[in-house]
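Any value given below was found using the heavy atoms of this structure, including those in side chains, with hydrogens, waters and symmetry copies removed. Letters A, B, ... are given to chains in the order of the sequence lines, protein chains preceding strands, and every chain is numbered from 1.
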Number of protein chains: 2
Amino acid sequence: MIDPRRDRALYRQLADLLRDQINQGDLAPGSQLPSESSLAQTYGLARPAVRQAIALLRSEGLITTSRGYGTRVRDEIERRPLELPAGASAIVRMPSEPERAALDIDDGVPVIEIRMPDGRSAVHPGDRVFLLRP
Amino acid sequence: MIDPRRDRALYRQLADLLRDQINQGDLAPGSQLPSESSLAQTYGLARPAVRQAIALLRSEGLITTSRGYGTRVRDEIERRPLELPAGASAIVRMPSEPERAALDIDDGVPVIEIRMPDGRSAVHPGDRVFLLRP
DNA sequence: CCGGATTTGTACGTATGTATT
DNA sequence: GAATACATACGTACAAATCCG
(Lines give C-alpha, C1' and ligand atoms only; values in the text may rest on other atoms or scores of the structure.)
Protein backbone atom coordinates (compact mmCIF):
# COMPACT_ATOMS: atom_id res chain seq x y z
CA MET A 1 0.00 0.00 0.00
CA ILE A 2 1.25 3.43 0.95
CA ASP A 3 4.43 3.36 2.94
CA PRO A 4 5.82 6.55 4.51
CA ARG A 5 9.25 4.94 4.71
CA ARG A 6 9.51 4.61 0.97
CA ASP A 7 11.46 7.31 -0.79
CA ARG A 8 8.49 8.55 -2.72
CA ALA A 9 6.03 11.21 -1.69
CA LEU A 10 2.80 9.86 -0.22
CA TYR A 11 0.65 11.66 -2.76
CA ARG A 12 2.72 10.17 -5.57
CA GLN A 13 2.28 6.72 -4.11
CA LEU A 14 -1.46 7.24 -4.04
CA ALA A 15 -1.41 8.55 -7.59
CA ASP A 16 0.54 5.47 -8.64
CA LEU A 17 -2.06 3.21 -7.03
CA LEU A 18 -4.97 4.95 -8.70
CA ARG A 19 -3.20 5.16 -12.05
CA ASP A 20 -2.58 1.43 -11.98
CA GLN A 21 -6.21 0.77 -11.17
CA ILE A 22 -7.24 2.91 -14.11
CA ASN A 23 -4.78 1.34 -16.55
CA GLN A 24 -5.75 -2.15 -15.48
CA GLY A 25 -9.44 -1.42 -15.85
CA ASP A 26 -10.30 -1.82 -12.18
CA LEU A 27 -11.49 1.74 -12.50
CA ALA A 28 -13.33 1.75 -15.81
CA PRO A 29 -13.72 4.82 -18.00
CA GLY A 30 -16.65 6.87 -16.80
CA SER A 31 -16.64 5.30 -13.36
CA GLN A 32 -16.53 7.34 -10.22
CA LEU A 33 -13.58 7.53 -7.89
CA PRO A 34 -14.17 7.51 -4.15
CA SER A 35 -14.54 10.96 -2.67
CA GLU A 36 -11.47 12.78 -1.43
CA SER A 37 -12.42 12.34 2.21
CA SER A 38 -13.07 8.68 1.60
CA LEU A 39 -9.68 8.20 -0.04
CA ALA A 40 -8.05 10.13 2.79
CA GLN A 41 -9.59 7.84 5.34
CA THR A 42 -8.86 4.68 3.37
CA TYR A 43 -5.18 5.42 2.94
CA GLY A 44 -4.53 7.30 6.15
CA LEU A 45 -3.75 10.60 4.49
CA ALA A 46 -4.96 14.13 4.97
CA ARG A 47 -7.16 15.62 2.30
CA PRO A 48 -4.50 17.96 0.88
CA ALA A 49 -2.31 14.95 0.07
CA VAL A 50 -5.23 13.22 -1.64
CA ARG A 51 -5.93 16.37 -3.60
CA GLN A 52 -2.34 16.47 -4.79
CA ALA A 53 -2.65 12.93 -6.09
CA ILE A 54 -5.91 13.79 -7.84
CA ALA A 55 -4.38 16.92 -9.34
CA LEU A 56 -1.47 14.90 -10.66
CA LEU A 57 -3.73 12.43 -12.45
CA ARG A 58 -5.84 15.28 -13.75
CA SER A 59 -2.78 16.89 -15.29
CA GLU A 60 -2.10 13.58 -17.01
CA GLY A 61 -5.54 13.71 -18.58
CA LEU A 62 -6.68 10.54 -16.84
CA ILE A 63 -9.53 11.93 -14.75
CA THR A 64 -11.85 14.90 -14.52
CA THR A 65 -13.37 16.42 -11.44
CA SER A 66 -16.57 18.36 -11.07
CA ARG A 67 -17.22 20.50 -8.05
CA GLY A 68 -20.05 19.20 -5.94
CA TYR A 69 -20.14 16.00 -7.90
CA GLY A 70 -16.90 14.11 -7.76
CA THR A 71 -14.10 12.64 -9.80
CA ARG A 72 -14.43 10.14 -12.59
CA VAL A 73 -12.20 8.39 -15.05
CA ARG A 74 -12.22 10.18 -18.38
CA ASP A 75 -13.67 8.11 -21.15
CA GLU A 76 -11.75 7.80 -24.32
CA ILE A 77 -13.25 10.16 -26.87
CA GLU A 78 -13.53 9.01 -30.43
CA ARG A 79 -10.92 10.83 -32.44
CA ARG A 80 -11.59 12.15 -35.89
CA PRO A 81 -8.80 12.18 -38.45
CA LEU A 82 -7.12 15.47 -39.07
CA GLU A 83 -5.06 15.66 -42.21
CA LEU A 84 -1.81 17.52 -42.06
CA PRO A 85 -1.92 19.54 -45.28
CA ALA A 86 1.06 19.44 -47.59
CA GLY A 87 3.60 22.03 -46.58
CA ALA A 88 1.97 22.61 -43.23
CA SER A 89 3.60 21.96 -39.88
CA ALA A 90 2.18 21.23 -36.47
CA ILE A 91 3.35 21.86 -32.94
CA VAL A 92 1.82 20.57 -29.74
CA ARG A 93 1.60 22.43 -26.46
CA MET A 94 -0.58 22.88 -23.43
CA PRO A 95 -3.25 25.55 -23.67
CA SER A 96 -3.16 28.42 -21.22
CA GLU A 97 -5.86 28.26 -18.59
CA PRO A 98 -7.98 31.02 -20.20
CA GLU A 99 -7.56 29.38 -23.60
CA ARG A 100 -8.53 26.06 -22.08
CA ALA A 101 -11.67 27.51 -20.60
CA ALA A 102 -12.58 29.31 -23.81
CA LEU A 103 -12.20 26.21 -25.97
CA ASP A 104 -13.81 23.99 -23.30
CA ILE A 105 -10.85 21.64 -23.12
CA ASP A 106 -10.37 19.32 -20.16
CA ASP A 107 -7.45 19.49 -17.79
CA GLY A 108 -4.45 17.56 -18.98
CA VAL A 109 -5.34 17.78 -22.65
CA PRO A 110 -2.81 19.34 -25.04
CA VAL A 111 -3.64 21.23 -28.21
CA ILE A 112 -2.33 20.83 -31.74
CA GLU A 113 -1.50 24.01 -33.56
CA ILE A 114 -1.46 23.64 -37.33
CA ARG A 115 0.53 26.25 -39.19
CA MET A 116 -0.19 26.77 -42.83
CA PRO A 117 2.41 27.88 -45.36
CA ASP A 118 0.58 31.18 -45.72
CA GLY A 119 1.10 31.91 -42.03
CA ARG A 120 -2.36 31.18 -40.75
CA SER A 121 -2.83 28.75 -37.93
CA ALA A 122 -5.58 26.74 -36.29
CA VAL A 123 -5.82 25.12 -32.86
CA HIS A 124 -7.37 21.72 -32.28
CA PRO A 125 -8.10 19.93 -29.00
CA GLY A 126 -5.62 17.09 -28.66
CA ASP A 127 -8.10 14.53 -27.37
CA ARG A 128 -10.51 14.72 -30.29
CA VAL A 129 -8.25 14.23 -33.28
CA PHE A 130 -5.41 12.17 -34.60
CA LEU A 131 -3.05 13.44 -37.23
CA LEU A 132 -3.01 11.59 -40.48
CA ARG A 133 -0.94 11.67 -43.57
CA PRO A 134 -2.85 9.91 -46.33
CA MET B 1 -3.69 43.93 -8.92
CA ILE B 2 -5.22 41.09 -7.00
CA ASP B 3 -8.70 41.78 -5.75
CA PRO B 4 -10.43 39.36 -3.38
CA ARG B 5 -13.80 40.79 -4.40
CA ARG B 6 -13.38 39.69 -7.98
CA ASP B 7 -15.09 36.47 -8.91
CA ARG B 8 -11.84 34.67 -9.67
CA ALA B 9 -9.71 32.69 -7.30
CA LEU B 10 -6.76 34.60 -5.90
CA TYR B 11 -4.25 32.08 -7.16
CA ARG B 12 -5.75 32.32 -10.66
CA GLN B 13 -5.48 36.09 -10.55
CA LEU B 14 -1.81 35.77 -9.62
CA ALA B 15 -1.28 33.23 -12.39
CA ASP B 16 -2.92 35.62 -14.85
CA LEU B 17 -0.58 38.41 -13.77
CA LEU B 18 2.53 36.29 -14.14
CA ARG B 19 1.37 34.78 -17.43
CA ASP B 20 0.87 38.24 -18.86
CA GLN B 21 4.33 39.30 -17.74
CA ILE B 22 5.78 36.25 -19.44
CA ASN B 23 3.85 36.71 -22.67
CA GLN B 24 4.72 40.38 -22.84
CA GLY B 25 8.39 39.70 -22.26
CA ASP B 26 8.62 41.47 -18.91
CA LEU B 27 9.74 38.10 -17.67
CA ALA B 28 12.10 36.92 -20.36
CA PRO B 29 12.79 33.27 -21.13
CA GLY B 30 15.40 31.93 -18.74
CA SER B 31 14.81 34.68 -16.21
CA GLN B 32 14.09 33.98 -12.61
CA LEU B 33 10.76 34.53 -10.94
CA PRO B 34 10.67 35.97 -7.43
CA SER B 35 10.68 33.33 -4.73
CA GLU B 36 7.39 31.98 -3.42
CA SER B 37 7.71 33.81 -0.11
CA SER B 38 8.57 36.99 -1.95
CA LEU B 39 5.53 36.66 -4.20
CA ALA B 40 3.38 35.90 -1.18
CA GLN B 41 4.50 39.05 0.55
CA THR B 42 4.24 41.20 -2.56
CA TYR B 43 0.67 40.22 -3.33
CA GLY B 44 -0.60 39.65 0.19
CA LEU B 45 -1.20 35.95 -0.23
CA ALA B 46 -0.22 32.91 1.77
CA ARG B 47 2.40 30.64 0.30
CA PRO B 48 0.00 27.82 -0.59
CA ALA B 49 -1.92 30.20 -2.84
CA VAL B 50 1.29 31.27 -4.53
CA ARG B 51 2.24 27.65 -5.01
CA GLN B 52 -1.11 26.97 -6.69
CA ALA B 53 -0.46 29.77 -9.14
CA ILE B 54 3.04 28.45 -9.85
CA ALA B 55 1.72 24.92 -10.31
CA LEU B 56 -0.86 26.18 -12.78
CA LEU B 57 1.74 27.91 -14.95
CA ARG B 58 3.98 24.87 -14.70
CA SER B 59 1.19 22.67 -16.01
CA GLU B 60 0.92 25.05 -18.95
CA GLY B 61 4.57 24.49 -19.72
CA LEU B 62 5.48 28.12 -19.14
CA ILE B 63 7.87 27.73 -16.21
CA THR B 64 10.01 25.16 -14.48
CA THR B 65 10.95 25.00 -10.83
CA SER B 66 14.02 23.49 -9.28
CA ARG B 67 14.07 22.65 -5.62
CA GLY B 68 16.50 24.78 -3.71
CA TYR B 69 17.02 27.03 -6.67
CA GLY B 70 13.82 28.65 -7.78
CA THR B 71 11.46 29.09 -10.66
CA ARG B 72 12.37 30.39 -14.07
CA VAL B 73 10.66 31.02 -17.37
CA ARG B 74 11.21 28.12 -19.72
CA ASP B 75 13.27 28.96 -22.76
CA GLU B 76 11.90 28.06 -26.09
CA ILE B 77 13.74 24.97 -27.25
CA GLU B 78 14.70 24.71 -30.86
CA ARG B 79 12.44 22.18 -32.49
CA ARG B 80 13.67 19.71 -35.00
CA PRO B 81 11.38 18.63 -37.83
CA LEU B 82 9.71 15.28 -37.46
CA GLU B 83 8.28 13.85 -40.61
CA LEU B 84 4.97 12.08 -40.38
CA PRO B 85 5.59 9.01 -42.53
CA ALA B 86 3.09 8.13 -45.20
CA GLY B 87 0.31 6.01 -43.77
CA ALA B 88 1.30 6.79 -40.21
CA SER B 89 -0.89 8.57 -37.70
CA ALA B 90 -0.08 10.58 -34.60
CA ILE B 91 -1.87 11.27 -31.38
CA VAL B 92 -0.92 13.73 -28.67
CA ARG B 93 -1.34 13.23 -24.96
CA MET B 94 0.23 14.00 -21.63
CA PRO B 95 2.80 11.54 -20.36
CA SER B 96 2.18 9.81 -17.07
CA GLU B 97 4.39 11.02 -14.28
CA PRO B 98 6.65 7.93 -14.34
CA GLU B 99 6.91 8.17 -18.12
CA ARG B 100 7.70 11.85 -17.81
CA ALA B 101 10.46 11.17 -15.33
CA ALA B 102 11.88 8.34 -17.43
CA LEU B 103 12.01 10.39 -20.62
CA ASP B 104 13.19 13.49 -18.73
CA ILE B 105 10.34 15.64 -19.96
CA ASP B 106 9.42 18.88 -18.23
CA ASP B 107 6.12 19.49 -16.52
CA GLY B 108 3.42 20.72 -18.86
CA VAL B 109 4.96 19.18 -21.96
CA PRO B 110 2.84 16.77 -24.02
CA VAL B 111 4.16 13.87 -26.06
CA ILE B 112 3.52 12.88 -29.65
CA GLU B 113 2.93 9.23 -30.27
CA ILE B 114 3.58 8.16 -33.84
CA ARG B 115 1.86 4.97 -34.93
CA MET B 116 3.21 3.17 -37.92
CA PRO B 117 1.07 1.11 -40.27
CA ASP B 118 2.85 -2.02 -39.04
CA GLY B 119 1.65 -1.36 -35.51
CA ARG B 120 4.85 -0.06 -34.01
CA SER B 121 4.87 3.26 -32.24
CA ALA B 122 7.34 5.82 -31.01
CA VAL B 123 7.01 8.59 -28.46
CA HIS B 124 8.55 12.03 -28.90
CA PRO B 125 8.74 14.94 -26.45
CA GLY B 126 6.34 17.61 -27.63
CA ASP B 127 8.64 20.55 -26.98
CA ARG B 128 11.52 19.39 -29.15
CA VAL B 129 9.85 18.63 -32.45
CA PHE B 130 7.36 19.94 -34.92
CA LEU B 131 5.47 17.70 -37.26
CA LEU B 132 6.07 18.21 -40.92
CA ARG B 133 4.61 16.89 -44.08
CA PRO B 134 7.03 17.52 -46.89
C1' DC C 1 -39.25 24.33 -5.40
C1' DC C 2 -36.65 23.83 -1.30
C1' DG C 3 -33.57 22.17 2.11
C1' DG C 4 -30.06 19.25 3.51
C1' DA C 5 -26.25 16.29 2.60
C1' DT C 6 -22.27 15.45 -0.06
C1' DT C 7 -18.26 16.82 -2.62
C1' DT C 8 -14.86 19.65 -4.52
C1' DG C 9 -12.64 24.49 -4.44
C1' DT C 10 -10.23 28.09 -2.09
C1' DA C 11 -7.35 29.89 1.49
C1' DC C 12 -5.32 30.22 5.71
C1' DG C 13 -1.62 28.56 9.15
C1' DT C 14 2.29 25.53 10.70
C1' DA C 15 6.05 22.38 10.66
C1' DT C 16 9.67 19.74 8.75
C1' DG C 17 12.54 17.81 5.02
C1' DT C 18 15.82 18.35 1.24
C1' DA C 19 18.36 20.38 -2.57
C1' DT C 20 21.00 24.29 -4.13
C1' DT C 21 23.76 28.24 -3.60
C1' DG D 1 28.31 25.30 7.50
C1' DA D 2 24.76 28.75 6.76
C1' DA D 3 21.20 30.80 4.12
C1' DT D 4 17.79 30.32 0.73
C1' DA D 5 14.13 28.03 -1.74
C1' DC D 6 11.10 24.60 -3.02
C1' DA D 7 8.58 19.94 -1.52
C1' DT D 8 5.78 17.43 1.49
C1' DA D 9 2.26 16.93 4.88
C1' DC D 10 -0.53 18.00 8.54
C1' DG D 11 -4.71 20.66 10.30
C1' DT D 12 -8.76 23.93 9.88
C1' DA D 13 -12.45 26.62 8.00
C1' DC D 14 -15.65 28.22 4.87
C1' DA D 15 -17.53 28.71 0.04
C1' DA D 16 -19.82 26.94 -3.85
C1' DA D 17 -21.76 23.46 -6.84
C1' DT D 18 -24.36 19.31 -7.29
C1' DC D 19 -27.57 15.86 -6.11
C1' DC D 20 -31.52 13.89 -3.96
C1' DG D 21 -35.53 13.31 -1.28
Return yes if some donor-acceptor pair links the side-chain N/O of A/Arg93 with the main-chain N/O of B/Glu60 below 3.5 Å, else return no.
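Answer holds: no.
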Quick one: [X] [atom1] to [N] [atom2], roughly how many Å, whole number?
X       : N      : atom1 : atom2 : value
B/Arg47 : C/dT14 : CZ    : C1'   : 11 Å
B/Leu56 : C/dA11 : CG    : P     : 12 Å
A/Arg51 : C/dT10 : CZ    : C1'   : 8 Å
A/Arg5  : C/dG17 : CZ    : P     : 18 Å

For [X], which residues count as a side-chain hydrogen bond (donor to acceptor under 3.5 Å, both in side chains) partner, sequence neighbours excluded?
X        : result
B/Arg6   : B/Gln13
B/Asp26  : none
A/Arg128 : none

Side-chain contact, heavy-atom cut-off 4.5 Å: [X] with [Y]?
X        : Y       : answer
B/Val73  : B/Leu33 : yes
B/Tyr11  : B/Arg51 : no
A/Val129 : A/Arg79 : no

For DNA chain D, which residues of residues 7-18 of chain B approach it to below 4.0 angstrom with any heavy atom?
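Per residue number, the list is empty: none.
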side-chain contact (heavy atoms from CB on, under 4.5 Å) assessment of A/Ile63 paired with A/Leu18:
CA-CA 10 Å; A/Ile63 59 181; A/Leu18 296 172; over 6 Å; no
Just to be sure I understand the geometry, which residues of residues 59-77 of chain A put a non-hydrogen atom under 4.0 Å away from DNA chain C?
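Within residues 59-77 of chain A, the residues near DNA chain C are A/Thr65, A/Ser66, A/Arg67, A/Gly68, A/Tyr69, A/Gly70, A/Thr71.
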Residues of residues 102-109 of chain B with any non-hydrogen atom less than 4.0 angstrom from an atom of DNA chain C: list those, numerically ordered, please.
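Of all residues in residues 102-109 of chain B, none places a heavy atom under 4.0 Å from DNA chain C.
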Please step through side chain to side chain donor-acceptor pair (under 3.5 Å) for the pair B/Ser96 and A/Arg19, ending with a clear verdict.
CA-CA 9 Å; B/Ser96 72; A/Arg19 192 188 300 107; 4.6 Å; no
Would you tabulate the side-chain donor-acceptor contacts of residues 38-47 of chain A under 3.5 Å, counting partners in other chains and residues two or more places apart, or write 'none'?
unit_1	atom_1	unit_2	atom_2	d
A/Thr42	OG1	A/Ser38	O	2.8
A/Arg47	NH1	A/Glu36	OE1	2.5

Apply side-chain contact (heavy atoms from CB on, under 4.5 Å) to the pair B/Asp106 and B/Arg58, showing each step before the final yes or no.
CA-CA 9 Å; B/Asp106 275 350; B/Arg58 206 167 38 219; over 6 Å; no
All N/O donor-acceptor pairs, side-chain side in residues 115-122 of chain A, below 3.5 Å, sequence neighbours left out:
unit_1	atom_1	unit_2	atom_2	d
A/Asp118	OD1	A/Arg120	N	2.9
A/Asp118	OD2	A/Arg120	NE	3.2
A/Asp118	OD2	A/Arg120	NH2	3.3

Using the heavy-atom set of chain A and a strict 4.0 Å cut-off, write down the first and last nucleotide of DNA chain D that makes it in, 5' to 3'.
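On DNA chain D, the outermost contacted nucleotides are D/dT8 to D/dC19.
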Please determine whether residues A/Phe130 and B/Ile112 belong to a single hydrophobic cluster, defined as Ile, Leu, Val, Met, Phe, Trp and Tyr linked transitively by side-chain heavy-atom distances below 4.5 Å.
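No, it is not one cluster - the side chains of A/Phe130 and B/Ile112 are not joined through contacts under 4.5 Å.
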When the nearest nucleotide of DNA chain D is assigned to B/Ser37 and to A/Val50 on a heavy-atom basis, which residue is associated with the more 5' position?
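First, find each residue's nearest nucleotide; the 5'-ward one identifies B/Ser37.
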Going by the rule side chain to side chain contact (heavy atoms under 4.5 Å, CB included), which residues pair with A/Asp127 if we only count those two or more places apart in sequence or in a different chain?
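By the side chain to side chain contact (heavy atoms under 4.5 Å, CB included) rule, A/Asp127 matches A/Arg74, A/Ile77, A/Val109, A/Pro125.
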Base-paired stems that DNA chain D participates in, counting runs of 3 or more Watson-Crick or G-U pairs under 3.5 Å:
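Stems (3+ consecutive pairs) listed as C:2-21 with D:2-21.
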Go through the structure and list residues passing salt bridge (Lys or Arg N to Asp or Glu O under 4.0 Å) with B/Arg133, not counting sequence neighbours.
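None.
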